[in-house]
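Note that these values count all heavy atoms, side chains included, but never hydrogens, waters or copies made by symmetry. Just so you know, residue 1 is the first one in the sequence shown, and it goes up from there.
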Amino acid sequence: MFLSVFDMFKVGIGPSSSHTMGPMVAAARFLDMMRASPFEFHGLRASLHGSLAFTGVGHATDRATILGLGGFRPDDYDDEKAEAFLAELNKTQKMHPEGLGELHFDPKADMIFDYDQALPGHANGMILMATDAQGDVILRQVFYSIGGGFVVTEEELAAGKATEEGDPVPYPFKSAAEMLEMAKASGKSIADMKRANEIARGCPESLSKGTARIWQVMNDCINRGLERDGILPGGLKVRRRAKGIYDALMAERGRNLTAPHTINDWMSVYAMAVNEENAAGGQVVTAPTNGAAGTLPAVIRYYLDHVPGASESHVEDFLLTAAAIAGLVKYNASISGAEAGCQAEVGSAAAMSAAGLCAVMGGTPEQVENAAEIALEHHLGMTCDPVKGLVQVPCIERNGLAAIKAVSAASLALRGDGQHFVPLDACIETMRQTGADMHDKYKETSLGGLAVNVPNC
């Protein structure tokens, strides 16, 4: 089993990896299918189903799908060009994707929210269609956005392509138990094994440059979030808080009377800064999703800014260790809130962050596995119930609390010898089962929990 560090950490845009980035990627793939088709096309349609329909407006799914059909992609997204494209489309109902000529698309009529028909493969389903001159559908494809920006067709999902394909790697662990066995036999750290796997599929230089860029984008996102204030879009009128908290913390720095628990505010504010940027549609990195994008950068920033002896040279090991844990969770359970609740998103992010921190602070592979298990275990059962379908309440604060849990989990694991009662594999399987048992109204549909018990306007 191999999922690259660059699969788990993707540069993209907010507010959601599954509801914004995924549909944009799916639309780009559909354009490629059209280019490879012998048919002549005159129009496009899109239909959103399940969670994509119920929380699509709050997650800008319709906007992302339309932009994707227009040729935009998350990794090089340009907001000014996107706004100009949408303004022109609303006037003309015409778009011109590269290599496909002029295509008709009326955002009011051809962008469909189907609240009644859930698609069978995954909660995040969508159908993209191309039509002929008479308006008849001549090309149709079902896509599933399975979390973290990953997208598969219904055929790929049925064939198991959502797991892994490609050349063999030196350390193909599919479970935490296998990971620990391979670490013991090889004498390598989890990061070293993951690095060897990455190099087997790429090259050392691209790995180093790629991980450096991931951290740069994450850190830039923190810094932007710490500098900006105002009201977040979407109608809830949620006020940005990170800048105010950060300014207060900076003013208190150096005072002898600062309480020890203030360090929790530092962890929280780093995470909140990222998730406020995500909620505003800014550039973020999936970690493993957009909704959970603040936790891991916050823990890295905590490590670099507040841990004596910390070095930025260790960030790559942090990311590789975290990616190894994320791969286990995705392969054996889920990182999708629509599939398994927020335990799959923020819970996974906390486990990844705890593992990464434990590793760069000298933890053994057994202690790293323990740290991940502690963090995930104490997110089990967490629901995904965003108010008004926006990635704001409770998502922004939740990332801060997850960062605190991750640091605590790493610290506890480092106090032990790696021996513990609940294996990480058992915890991941429990998360999968819990997600399967969880009622759909608690899985990113905004039909239960806080989403119905808090006024939406």
Heavy-atom distance under 4.5 Å between the side chains of [X] and [Y], does that happen here?
X: Y77; Y: Q283; value: no
X: D440; Y: K443; value: yes
X: R29; Y: Q141; value: no
X: I190; Y: M179; value: yes
X: F2; Y: E198; value: yes
X: L128; Y: F143; value: yes
X: K188; Y: R195; value: no
X: T286; Y: V11; value: no

### Query
Taking it one step at a time, do S313 and S311 satisfy side-chain hydrogen bond (donor to acceptor under 3.5 Å, both in side chains)?
CA-CA 5 Å; S313 64; S311 170; 2.7 Å; yes
### Query
Can you list the residues that meet the salt bridge (Lys or Arg N to Asp or Glu O under 4.0 Å) rule with E339, with sequence neighbours excluded?
none
[X] (side chain) donor-acceptor with [Y] (main chain) under 3.5 angstrom:
X: K209; Y: S206; answer: no
X: S408; Y: I404; answer: yes
X: Q343; Y: G381; answer: yes

With a 4.0 Å cut-off on N to O distance, would you call [X] and [Y] a salt bridge?
X: D385; Y: K441; answer: no
X: E397; Y: R241; answer: yes
X: E277; Y: R240; answer: yes
X: R432; Y: E429; answer: yes
X: R224; Y: D220; answer: no
X: R35; Y: D32; answer: yes

### Query
Taking it one step at a time, do L48 and D114 satisfy side-chain contact (heavy atoms from CB on, under 4.5 Å)?
CA-CA 6 Å; L48 305 177; D114 190 331; over 6 Å; no
### Query
Testing T65, T153, L139 for side-chain contact (heavy atoms from CB on, under 4.5 Å) with F30, which one passes?
L139
### Query
For F318, what residues pass the ring-ring contact (aromatic ring centres under 6.0 Å, His included) criterion, not counting sequence neighbours?
none
### Message
Less than 3.5 Å apart, any donor N or O on the side chain of E345 or T289 sitting next to an acceptor on the other?
### Response
yes
### Query
Side chains of T55 and H19: is there a donor and an acceptor less than 3.5 Å apart?
yes
### Query
Can you check side-chain hydrogen bond (donor to acceptor under 3.5 Å, both in side chains) on E369 and H420, steps first, answer last?
CA-CA 10 Å; E369 185 261 1; H420 56 108; 2.6 Å; yes
### Task
Could you give me the CA-CA distance, side-chain angles and deciding distance for I127 and L119, then say whether side-chain contact (heavy atoms from CB on, under 4.5 Å) is met?
CA-CA 9 Å; I127 303 173; L119 300 179; 4.0 Å; yes
### Message
When you measure from the centre of the six-membered ring of W266, is the NZ or CZ of R253 closer than 6.0 Å and no more than 45° off the axis?
### Response
yes
### Verdict with reasoning, Y302 to Y270, per ring pair (Phe, Tyr, Trp, His ring centres under 6.0 Å)
CA-CA 8 Å; Y302 159 78; Y270 296 144; 8.3 Å; no
